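Data first, discussion second: the structure below is written as C-alpha cells.
Computed over heavy atoms, backbone and side chain alike; hydrogens, waters and symmetry mates excluded. Numbers restart at 1 for each chain; the letters A, B, ... are given by sequence-line order, proteins then strands. Worth saying up front: this structure is predicted, and the values here are computed from it rather than measured.
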Amino acid sequence: LETVPTIKKLRSYADRIRASELEKCLQKIGEDALTKKMRRSIEELSTGIVNKLLHGPLQHLRCDGSDSRTLDETLENMHALNRMFSLDT
Amino acid sequence: LETVPTIKKLRSYADRIRASELEKCLQKIGEDALTKKMRRSIEELSTGIVNKLLHGPLQHLRCDGSDSRTLDETLENMHALNRMFSLDT
Amino acid sequence: PRKQQLTVNLRNGKTFMRNQDLDMAVKEFRAALELAKSVGDRFEEKKAARGLGASLQRLGKYREAMNCYYKVLELSKETGEDSGCTEAYGAIADCYTELGDLERAAKLYDKYISRLQPGGGE
Amino acid sequence: PRKQQLTVNLRNGKTFMRNQDLDMAVKEFRAALELAKSVGDRFEEKKAARGLGASLQRLGKYREAMNCYYKVLELSKETGEDSGCTEAYGAIADCYTELGDLERAAKLYDKYISRLQPGGGE
C-alpha cells in the first residue's frame with residue numbers, strides 16, 4: 001500500500017512527457033494536415049509506448065507482500081523509482 | 001562499470017517497444033498517406049518519449065561511485081531495473 | 001445543428017484544457033455532455049465525460065471527476081468500445097490516492113495495470 | 001539517375017532490415033553509401049551509414065558497425081545536422097559492451113546519456 005503514491009507520481013510523470021512530446025509533434029506537422037484517423041493513430045502511438053514501458057515497473061510496485069521477500073523487493077523497487085525519476089520532490 | 005550491461009539491455013528493451021509501436025502506427029495510417037515531414041515528426045515523437053523516459057534511470061546507473069553511498073544506490077537501481085524490466089532473462 | 005454544437009463544445013473544451021483554463025473547459029465539456037445525451041450519441045458522450053473528468057481532476061474536484069470516469073467505464077461497456085478504459089481506471093485510482101483512500105486506489109491500480117500490455121520480448 | 005538509384009537503395013535497405021533480411025540490407029546500404037559519396041550528398045551518406053551500422057550490428061559485426069556509427073558522428077559534425085548523433089553514441093556503446101570493453105562503453109554511454117533530455121517537470 002505504501003507504493004500507491006509512487007504509482008500515481010510515476011504515471012503522471014510519464015504522462016507529462018507523453019503529452020508534451022505529442023503536442024510538439026502535432027505542432028510540427030500542423031494539425032490541419034491531419035485526418036482524424038491519423039491524429040488518433042499518433043495519439044495511440046504515444047500512449048502505447050508509455051503504457052508498455054510502464055507495465056513492468058508498475059507491476060513490480062504491486063506485488064502483494066504475501067511473503068516478506070517480495071515485500072522487501074517491492075519497497076526497493078519503489079525507492080529506486082523514486083530516486084531515478086525524482087518522484088519525491 | 002557493472003551497470004553497463006543493464007544500460008544496454010534497458011536501451012534495447014525500450015527501443016523494441018518504440019519500434020513496434022511505431023510500426024503499428026505507420027501501418028494504421030498507411031505509409032502512402034504520409035509526407036516525409038509527417039513521418040519524420042512521428043518518428044521523433046517516438047524517440048522523444050523514450051529518450052525522456054529513459055533519461056532518469058540511465059543517469060542513475062552512471063553515478064560514478066566516488067563515495068560508497070552512491071555506489072550502493074546505483075547498484076540498487078540496477079537490481080530494481082533488472083527486476084522490473086526482466087532484463088536478466 | 002445540435003450535433004455541430006456538440007463538436008464545437010468538445011473542441012473548445014480541449015483548447016481550454018490545453019491553455020489551463022480549467023473552469024471554461026468544465027463549462028464546455030458539461031455542455032457537450034448534456035448535448036450528447038440529448039442526441040443519444042454515446043461515443044461523443046464518452047468523450048465529453050472523459051474531458052470533464054480530466055478538467056475536474058485538475059481542479060482538485062476528485063469526487064466529481066471520479067463520477068465522470070465511472071461514466072466512461074459504463075459507456076465503454078454499453079458501446080463495446082474499449083478505448084479510454086485503461087486510462088479511466090488509472091485516473092480513478094489517482095483520485096482515490098488524492099483523497100487518501102489508498103486501499104481503493106490500490107484495487108483500481110491493479111485493474112489498470114492488468115490492462116497495460118507488457119512491453120519488450122524479441 | 002544516380003540520385004534516384006540512391007533513394008531506391010536506401011528504401012530497399014530499410015525494407016530488408018524490417019524483414020530481418022540483414023545480409024541483403026547490408027548490400028543495399030553499402031551500395032547507397034558508395035553512391036552517396038560519389039554524388040557528394042552528405043545527408044544521404046549519413047542515412048546510409050546509419051542503416052549499414054544497424055544491419056552490421058544485428059549481424060554481430062560490431063567492429064564494422066562501430067565504424068559506420070563513427071562515420072555518422074563525423075558527418076553530423078561536417079553538416080552541422082545533429083540528428084542521429086545521440087543514437088550513434090548509444091549504439092557505439094552497445095557495440096563496445098558486446099565486445100566486452102565495458103570501460104569504453106561506459107564513456108560512450110555517458111556521452112549518450114548527457115544528450116538525452118530530462119523528462120518530467122510541470
Side-chain angles (χ1 to χ4, degrees), chain A residues 6 10 13-31 33-63 69-70 72-87, chain B residues 6 10 13-31 33-63 69-70 72-87:
Chain A
T6 301
L10 182 54
Y13 177 92
D15 197 63
R16 277 200 301 275
I17 292 176
R18 186 195 66 77
S20 90
E21 293 295 307
L22 178 64
E23 188 76 10
K24 258 199 270 173
C25 171
L26 296 176
Q27 265 171 15
K28 262 188 266 175
I29 295 181
E31 304 227 18
L34 289 171
T35 64
K36 267 203 174 173
K37 191 185 150 206
M38 286 180 183
R39 204 200 143 95
R40 201 185 153 143
S41 304
I42 296 174
E43 273 181 23
E44 284 173 358
L45 167 66
S46 72
T47 51
I49 294 175
V50 168
N51 284 350
K52 290 204 171 155
L53 274 174
L54 288 190
H55 178 265
L58 291 179
Q59 204 174 37
H60 282 81
L61 286 173
R62 283 297 302 150
C63 298
R69 182 150 181 286
T70 48
D72 282 352
E73 277 190 2
T74 304
L75 292 177
E76 271 175 42
N77 294 338
M78 180 183 82
H79 292 307
L81 287 169
N82 283 336
R83 268 196 302 270
M84 293 187 292
F85 293 107
S86 317
L87 300 179
Chain B
T6 301
L10 182 56
Y13 177 93
D15 197 62
R16 278 200 301 275
I17 293 176
R18 186 195 68 76
S20 90
E21 293 295 309
L22 178 63
E23 188 77 9
K24 259 199 270 173
C25 170
L26 295 177
Q27 265 171 16
K28 262 189 265 174
I29 295 181
E31 303 227 18
L34 290 171
T35 63
K36 268 202 174 173
K37 191 186 149 203
M38 286 179 182
R39 205 200 141 95
R40 199 184 155 143
S41 303
I42 295 174
E43 275 180 23
E44 285 173 358
L45 167 66
S46 72
T47 50
I49 294 175
V50 168
N51 285 350
K52 290 205 171 154
L53 275 174
L54 288 190
H55 178 264
L58 291 180
Q59 205 173 37
H60 283 80
L61 286 172
R62 281 298 302 150
C63 299
R69 181 150 182 286
T70 48
D72 283 351
E73 276 190 2
T74 304
L75 292 177
E76 271 174 42
N77 294 337
M78 180 185 80
H79 292 307
L81 288 169
N82 283 335
R83 270 198 301 270
M84 293 187 291
F85 293 106
S86 316
L87 299 179

(request) Answer with side chain, backbone, both or neither: which region of A/K28 has an atom nearer than 4.5 Å to a non-hydrogen atom of chain B? (result) both

(request) Please look at B/L81 and chain A and tell me whether the side chain, the backbone, both or neither of the residue comes under 4.5 angstrom of a heavy atom of that chain. (result) side chain

(request) Flag the pair A/I29 / B/I42 as yes when at least one side-chain heavy-atom distance between them is below 4.5 Å, and no otherwise. (result) yes

(request) Please name the pair of heavy atoms, one in A/F85 and one in B/L53, separated by the smallest distance, quoted to 0.1 Å. (result) CE2-O, 3.3 Å

(message) Looking at every non-hydrogen atom in both residues, tell me the closest pair between A/C25 and B/S41 and how far apart they are.
(response) SG-O, 3.7 Å

(request) Drop me the distance from B/S46's OG to A/L45's CG, to the nearest 0.5 angstrom. (result) 6.0 Å

(request) Mind checking the CG-CE spacing from A/L54 to B/M84? Nearest 0.5 Å is all I need. (result) 11.0 Å

(request) Among the options B/R83, B/M78, B/K37, B/H79, pick out the one with the most heavy-atom pairs lying under 4.5 Å from chain A. (result) B/R83

(message) Below 4.5 Å, heavy-atom pairs only: which of B/R40, B/K24, B/E76 has the largest tally toward chain A?
(response) B/E76

